[in-house]
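Below is one structure, written out as structure tokens; comments come after it.
Letters A, B, ... are given to chains in the order of the sequence lines, protein chains preceding strands, and every chain is numbered from 1.
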Number of protein chains: 2
Amino acid sequence: MTAVTLKDRRDARKQDRRETILAVAARSFLEKGYAATSMSAIAATLGGSKGTLWSYFPSKEALFEAVLDHQTVAYRRDLEHALDLAGDLRETLTRFCRNFLEKVTSPDALALHRLVQAEHQRFPEVGRIFYERAPRATQRLLSAYLERCIANGWLRPGDSLRMARRLIGLCISGCHQRLMWGVGPASLPEAIEEDVADAVEIFIRAYAA
Amino acid sequence: MTAVTLKDRRDARKQDRRETILAVAARSFLEKGYAATSMSAIAATLGGSKGTLWSYFPSKEALFEAVLDHQTVAYRRDLEHALDLAGDLRETLTRFCRNFLEKVTSPDALALHRLVQAEHQRFPEVGRIFYERAPRATQRLLSAYLERCIANGWLRPGDSLRMARRLIGLCISGCHQRLMWGVGPASLPEAIEEDVADAVEIFIRAYAA
DNA sequence: GTGAAATCGTACTATAGAGTACGGTTTTTG
DNA sequence: CAAAAACCGTACTCTATAGTACGATTTCAC
């Protein structure tokens, strides 16, 4: 027993170190992109030597993929937490859209979005994996809820996945779109409220029973 | 007169050369991105010497910006041509959405979209300029048409620019979104028709008088 | 034909960053 | 304490590519 905990302490340290490396690397990748991020600079920020860095991740590519993996896990966990759907239709949709928009307009989410967008030519897997984990996961969650609304007779029957995509498209057609191009609104919270109200109103007019 | 035309021939050659360089560079930038594009490779493809390339564009950055400039001009010219709005509301919106989606789902448009997205951190101007010339220009054009529809009593009064953004958001919420992540549909034309039909239907239900 | 402008080929400089090698030092385990 | 694992610092190799220099050659205007 004692032997195990002692050995585990070493492993825990390694895990900690790994997390630290991922955090430092994520900062750089998200802010500067893949090409402009240098392994040497990461090693320097960490304080350790280059050899150590390479002992954790055998190459820049490996580190990059580990960072994306880490980030998408965090992204999805946040989203699922934000998407517990219960209560009145309009109210629930409004809460969902607001939570969703708040998540995806955060600086980190925008940076991640851009990073994957930028590098998914160089790393073809990256785009598909991210799509599965973030946009697709969100669509599925929302779609399942809409399915229940249809069963309850609150919404007209139809393809719930397509309906989910339309609602999400409406949500991101305003401030999110502009933020992606570096043209932010004066007040983000107000812009989000406006987008949410529009999206829900349009959606309900289109699909309510 | 003769003097002028003769001198012009030299200028015309230079102009041709410039266009050729821009075309070759655009291929590379659009396919491989900024970092992975090398000036030496462009010079090699052109066949000439590096000195000549630098005599046309004093740096890689300058060439990059010239390429983006050239591409957005082409992009906007195409769009404006595709957006002559006349006739019945539903029919006009359908034609507009179809033309728009066909343009923005073309391989070059997708690549341009990604390229600007990727590099607008390194070149902060690029994002704003592109936004002005492409998404914003489209919004303005559509918005002006919707304004007329409101005046005619076909649509309920409202903020026409916001309405335009919602319609465009609906259009790109389907296959365009997936294409951006490298997850293309089996049949693009069919997917476009589906998106167009949905978008127009939802829009009309939401805003028709 | 003649001179000027453009072009060519090639060799060069300078920089930057990925990944390696290695001998010495600290930390952890038992 | 002793052995092993991890870590450190530093110096190194290798490759890629932006940008320059320059003398030789072609093209074009007149």
- Query: Any side-chain heavy-atom pair from Leu155(A) and Met163(A) closer than 4.5 angstrom?
  - Reply: yes
- Scan residues 39-69 of chain A for pairs that pass ring-ring contact (aromatic ring centres under 6.0 Å, His included), counting only residues two or more places apart or in two chains. Phe29(A)-Phe64(A), Tyr34(A)-Phe64(A), Phe64(A)-Phe123(A)
- Task: Provide the full list of side chain to side chain donor-acceptor pair (under 3.5 Å) pairs with a residue in residues 35-45 of chain B, sequence neighbours left out, each pair given once.
- Result: Ser28(B)-Thr37(B), Ser40(B)-Lys50(B)
Between N or O atoms, less than 3.5 Å apart, protein on one side and nucleotides 23-26 of chain D on the other: list the pairs.
none

- Mapping Ala41(A) and Ser49(A) onto DNA chain C by nearest heavy atom, which one lands closer to the 5' end? Ala41(A)
- Query: Is the distance from OP1 or OP2 of dA5(D) to the nearest side-chain N or O of Arg17(A) less than 4.0 Å?
  - Reply: no
- Message: Looking at every heavy atom in both Pro124(A) and Arg122(A), which two are closest together, and how far apart are they?
- Response: CD-O, 3.4 Å
- Minimum heavy-atom distance Ile150(A)-Ser160(A), with the two atoms named: CD1-CB, 4.5 Å
- When we call it a touch if two heavy atoms are under 4.0 Å apart, what does Gly51(B) touch: a base, just sugar-phosphate, or nothing? nothing
- CZ (Phe203(B)) and CG (Leu170(A)) are apart, to the nearest 0.5 Å, by 11.0 Å
- Task: Just grab all the side chain to side chain donor-acceptor pair (under 3.5 Å) pairs involving residues 163-181 of chain B, residues at least two apart or on different chains.
- Result: Arg166(A)-Ser173(B), Ser173(A)-Arg166(B), Asp195(A)-Arg166(B), Asp198(A)-Arg166(B), Gln139(B)-Arg165(B)
- salt bridge (Lys or Arg N to Asp or Glu O under 4.0 Å): which pairs involve residues 19-29 of chain B, sequence neighbours left out? Arg27(B)-Glu31(B), Arg27(B)-Asp108(B)
- Item | Sugar-phosphate or base contact per nucleotide [nucleotides 11-16 of chain D; S, B, -; heavy atom under 4.0 Å] | ------
- Task: Could you pull out all residues at least two apart from Arg76(B) that satisfy side-chain hydrogen bond (donor to acceptor under 3.5 Å, both in side chains)?
- Result: none
- Give me the residues of residues 52-63 of chain A where at least one heavy atom lies under 4.0 Å from an atom of DNA chain C, by number, or none. Trp54(A), Ser59(A), Lys60(A)
- Message: With a cut-off of less than 4.0 Å, is there a side-chain N or O of Arg13(A) near OP1 or OP2 of dT27(C)?
- Response: no
- Query: With sequence neighbours excluded, what pairs up with Ala144(B) under the side chain to side chain contact (heavy atoms under 4.5 Å, CB included) test?
  - Reply: none
Listing, residues 185-193 of chain A side-chain donor-acceptor contacts under 3.5 Å, not counting sequence neighbours, or none:
{"unit_1": "Ser187(A)", "atom_1": "OG", "unit_2": "Glu190(A)", "atom_2": "N", "d": "3.3"}
{"unit_1": "Glu193(A)", "atom_1": "OE1", "unit_2": "Arg98(A)", "atom_2": "NH1", "d": "2.9"}
{"unit_1": "Glu193(A)", "atom_1": "OE2", "unit_2": "Arg98(A)", "atom_2": "NH1", "d": "3.0"}

- Task: Mind listing the residues from residues 22-39 of chain A sitting with a heavy atom below 4.0 Å of DNA chain C? Number order is fine.
- Result: Thr37(A), Ser38(A), Met39(A)
- Do any pairs count as a salt bridge (Lys or Arg N to Asp or Glu O under 4.0 Å) and have a residue in residues 57-68 of chain B, sequence neighbours left out, and if so which ones? none
- Query: Does the side chain to side chain contact (heavy atoms under 4.5 Å, CB included) test come out yes or no for Arg95(A) and Val200(A), once each step is laid out?
  - Reply: CA-CA 10 Å; Arg95(A) 192 175 59 244; Val200(A) 171; over 6 Å; no
- Query: What is the distance, rounded to the nearest whole Å, between atom NZ of Lys14(B) and atom P of dT27(D)?
  - Reply: 17 Å
- Could you tell me the separation between the CG atom of Asp16(A) and the P atom of dA6(D), rounded to a whole number of Å? 15 Å
